[in-house]
Amino acid sequence: MNPEPAPELAEWTALSESLRRGLLIGAAVLAITLPPVMQSSVGGATRSASPSAPHASAKPVARRVADFGMQTPSPDVATLAAWVAQSRDNADADFVIVDKKLAMLYVFDSSVHLRGSSPVLLGAAQGDESVPGIGNRPIPKVKLFERTTPAGRFVAELGSNTLGEIVVWVDYDAAVSMHRVRATDPKERRLQRLATATPADNRISYGCINVPAAFFDDYVLTAFQVRPAIVYVLPDSKPMRQVFAAYSAAADSTIER
């Protein structure tokens with residue numbers, strides 16, 4: 001016959017049993033209510049959540065593409081615009097692409113949608129760099145082979161030239177700007193050159209990018225009205241990866257067009 005436990009011992013045993021049951025119930029409630037990453041440590045066993053499991057509310061980031069509408073640009077222009085769209089190299093600013101080989105200008109909004117395109121006049125000489133110090137020389141002293149439109153990526157902005165005309169300064173130090181075409185010398189036939197179907201006669205300027213007046217007012221000025229914009233001038237002969245420092249060589253084959 002077992003002796004009856006002392007009252008103090010019976011009371012302590014009952015209290016211990018009550019606490020044990022309370023802890024078990026609390027752990028069960030936590031296991032139900034806590035998120036999975038916290039449940040992993042309930043009950044003493046520790047395990048890490050799978051790093052590959054996506055969050056239920058995560059949304060894939062939409063891939064930006066260049067939108068040319070109904071137009072079909074040259075492969076170089078299409079590739080560069082696609083790279084700008086995917087890399088966001090334009091820093092959410094409007095931007096312009098100048099295709100020197102075809103003497104064409106394309107104006108895009110910040111979301112890489114084409115606003116408009118136009119033929120332009122460019123530097124008379126082939127070449128992708130400006131002659132050092134050319135911006136400080138009087139125009140009559142600029143030799144024919146020095147009249148190049150430099151290639152590259154330029155942060156351009158509105159300004160005015162020495163004649164008081166509104167221009168877009170592409171490279172201020174080299175005195176290269178975008179401006180309305182000037183038909184001051186009839187022998188140059190600048191307006192007629194713009195109207196021809198071939199780009200062969202569009203090389204006539206001292207290096208500046210001459211734009212038809214209506215297109216300059218309606219599209220170019222709009223792109224630069226609020227803030228500086230980016231101007232990408234494609235090269236005559238250099239590889240694009242050499243002209244644009246951030247351009248990846250892999251873009252030639254991996255960019256979606």
Side-chain angles (χ1 to χ4, degrees), residues 71-81 83-84 89 95-108 117-156 161 167-212 215-216 220 229-247 249 251-252:
Q71 296 197 33
T72 304
S74 69
D76 285 347
V77 172
T79 299
L80 185 67
W83 170 70
V84 172
D89 185 76
F95 67 96
V96 171
I97 296 179
V98 179
D99 184 350
K100 286 204 292 179
K101 293 178 182 178
L102 295 181
M104 288 291 296
L105 181 147
Y106 300 85
V107 179
F108 293 85
S117 63
S118 171
V120 291
L121 302 179
L122 301 164
Q126 296 279 328
D128 295 321
E129 297 180 4
S130 293
V131 175
I134 196 169
N136 297 321
R137 275 202 240 157
I139 286 181
K141 292 190 177 181
V142 177
K143 299 176 182 179
L144 180 61
F145 70 88
E146 297 176 323
R147 301 175 187 177
T148 58
T149 299
R153 178 190 188 275
F154 303 92
V155 180
N161 59 17
V167 302
V168 171
W169 284 113
V170 177
D171 187 343
Y172 184 84
D173 291 338
V176 176
S177 67
M178 266 194 297
H179 58 72
R180 300 178 185 91
V181 63
R182 302 189 196 106
T184 53
D185 186 350
K187 291 182 295 185
E188 292 182 336
R189 302 175 58 254
R190 295 201 178 198
L191 296 178
Q192 291 87 340
R193 290 170 183 269
L194 281 170
T196 61
T198 173
D201 58 353
N202 288 45
R203 309 301 287 258
I204 186 66
S205 80
Y206 281 78
C208 289
I209 302 164
N210 288 208
V211 185
F215 189 87
F216 184 84
V220 176
I230 310 299
V231 175
Y232 300 92
V233 182
L234 301 186
D236 282 321
S237 56
K238 289 184 177 181
M240 286 206 294
R241 66 178 65 90
Q242 181 178 347
V243 172
F244 305 109
Y247 184 88
D252 291 337

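A quick note: this is a predicted structure, and the numbers were derived from the prediction, not measured.
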Residue pair Tyr106 / Ser117: nearest heavy atoms and the distance that separates them = CD2-CB, 3.6 Å
Does the pair Val220 and Val96 meet the rule for a side-chain contact (heavy atoms from CB on, under 4.5 Å), with working shown?
-> CA-CA 8 Å; Val220 176; Val96 171; 5.7 Å; no
Could you tell me whether the side chain of Thr198 and the main chain of Ala200 form a donor-acceptor pair under 3.5 Å?
-> yes
If the plane angle is over 60° it's perpendicular, under 30° parallel, otherwise tilted; pick one for Phe244 and Tyr232.
-> perpendicular
CG on Leu234 to CD1 on Ile97, rounded to 0.5 Å | 6.5 Å
Starting from the C-alpha separation in whole Å, work towards a yes-or-no answer on side-chain contact (heavy atoms from CB on, under 4.5 Å) for Val155 and Ile230.
-> CA-CA 5 Å; Val155 180; Ile230 310 299; 3.9 Å; yes
Nearest-0.5 Å distance that lies between atom CZ in Arg190 and atom CG in Asp185 | 8.0 Å
Shortest non-hydrogen contact from Val231 toward Met178 = CG2-CE, 3.9 Å
Which of these, Val181, Val120, Val107, sits in a side-chain contact (heavy atoms from CB on, under 4.5 Å) with Phe215?
-> Val107
Quick one: NZ on Lys100 to CZ on Arg203, what's the gap to the nearest 0.5 Å?
-> 5.5 Å
Heavy-atom closest contact (Arg137 atom, Val142 atom, distance) | NH1-CA, 4.2 Å
Is the backbone of Arg193 close enough, under 3.5 Å, to the side chain of Thr196 for a donor and an acceptor to pair up by distance?
-> yes
Are the side chain of Thr149 and the backbone N or O of Gly123 linked by a donor-acceptor pair below 3.5 Å?
-> yes
Short side-chain donor-acceptor distance under 3.5 Å, Ser74 and Asp99 = yes
Residues which pass salt bridge (Lys or Arg N to Asp or Glu O under 4.0 Å) with Asp89, listed by chain and number, not counting sequence neighbours = Arg153
Is there side-chain contact between Asn161 and His179, with heavy atoms separated by less than 4.5 Å?
-> no
How long is the span from the CG atom in Asp128 to the OG1 atom in Thr148, to the nearest 0.5 Å?
-> 8.5 Å
Would Met240 and Trp83 count as a side-chain contact (heavy atoms from CB on, under 4.5 Å) if you check the C-alpha gap in whole Å, the side-chain angles of each, and the deciding distance to 0.1 Å?
-> CA-CA 11 Å; Met240 286 206 294; Trp83 170 70; over 6 Å; no
Val77 side chain reached by Met104 side chain, heavy atoms, under 4.5 Å = no
Considering non-hydrogen atoms only, spot the tightest contact between Val211 and Phe216 and give its length.
-> CG1-N, 3.9 Å
Lys101 side, atom NZ; Leu122 side, atom CG - distance, nearest 0.5 Å | 13.5 Å
Minimum-distance pair of heavy atoms, taken over all atoms of Pro212 and Pro119 | CD-O, 3.3 Å
Where is the tightest heavy-atom contact between Asp236 and Gly127, given as atom of each residue plus distance?
-> OD2-N, 3.0 Å
Atom pair CG/OG of Asp173 and Ser130 - distance to nearest 0.5 Å | 10.0 Å
